[in-house]
Amino acid sequence: MKVKLTELISRLEKDIERKKEFNQSQDIDKELIAWISVYRHGSESYKQQAESYLKQFFVNAGYVKGIRSIGG
């Protein structure tokens with residue numbers, strides 16, 4: 001089953017907010033927020049880099065089993 005990248009980003013943002021509420025925020029959270037911002041607002045070439053980074057993060061963090069599980 002494919003999961004949309006935008007859905008994964010929303011889920012990640014909620015997870016980061018939850019961590020902030022419990023004062024468990026880490027430096028990686030700030031970096032992820034920056035990549036999300038680039039994905040949403042950056043120029044096309046940077047947007048593609050951000051998309052690639054975020055997809056790899058979602059796989060490595062266990063949000064999905066593989067990059068092919070992430071839809072458009």
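Note that the structure is a prediction, hence the values are computed from the model and not measured.
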Colleague: Do Ile36 and Leu54 come close enough that some side-chain heavy atom pair is under 4.5 Å?
Modeller: yes
Colleague: Taking Ser10 for the side chain and Thr6 for the main chain, is one N or O donor matched with an acceptor at less than 3.5 Å?
Modeller: yes
Colleague: Measuring from Trp35:CH2 to Glu31:CD, what's the distance to the nearest 0.5 Å?
Modeller: 7.5 Å
Colleague: Output the distance between atom CD (Gln26) and atom CD (Gln24), rounded to the nearest 0.5 Å.
Modeller: 8.5 Å
Colleague: May I ask you to decide whether Glu17 forms a salt bridge with Lys14, counting only side-chain N to carboxylate O separations under 4.0 Å?
Modeller: no
Colleague: Would you compute the distance between atom CD1 of Ile9 and atom CD of Glu7 and round it to the nearest 0.5 angstrom?
Modeller: 10.5 Å
Colleague: Any side-chain heavy atom of Lys19 within less than 4.5 Å of one from Asp29?
Modeller: yes
Colleague: If we count only N and O atoms by modelled type, under 3.5 Å, do the side chains of Tyr46 and Glu51 hold a donor and an acceptor together?
Modeller: no
Colleague: State whether the side chain of Lys2 and the backbone N or O of Arg68 hold a donor-acceptor pair below 3.5 Å, judged by distance alone.
Modeller: yes
Colleague: For the atom pair CD1 (Ile33) and CD (Glu13), what is the distance rounded to the nearest 0.5 Å?
Modeller: 7.5 Å
Colleague: Between Lys47 and Gly42, what is the shortest heavy-atom contact and its length?
Modeller: CB-O, 4.3 Å
Colleague: Decide yes or no on side-chain contact (heavy atoms from CB on, under 4.5 Å) for Leu12 and Leu8, but give the supporting numbers first.
Modeller: CA-CA 6 Å; Leu12 176 60; Leu8 289 170; over 6 Å; no
Colleague: How far apart are the C-alpha atoms of Tyr63 and Asp15, what are their side-chain angles, what is the distance that settles it, and do they pass the side-chain contact (heavy atoms from CB on, under 4.5 Å) test?
Modeller: CA-CA 11 Å; Tyr63 281 76; Asp15 290 346; 2.7 Å; yes
Colleague: Are the side chains of Val59 and Lys65 in touch, meaning some heavy atoms are under 4.5 Å apart?
Modeller: no
Colleague: The test is side-chain contact (heavy atoms from CB on, under 4.5 Å); show your working for Tyr53 and Val38 and say whether it passes.
Modeller: CA-CA 11 Å; Tyr53 178 87; Val38 170; over 6 Å; no
Colleague: What is the distance from atom OH of Tyr39 to atom OG of Ser52, rounded to the nearest 0.5 Å?
Modeller: 12.0 Å
Colleague: Are the side chains of Phe58 and Ile67 in touch, meaning some heavy atoms are under 4.5 Å apart?
Modeller: no
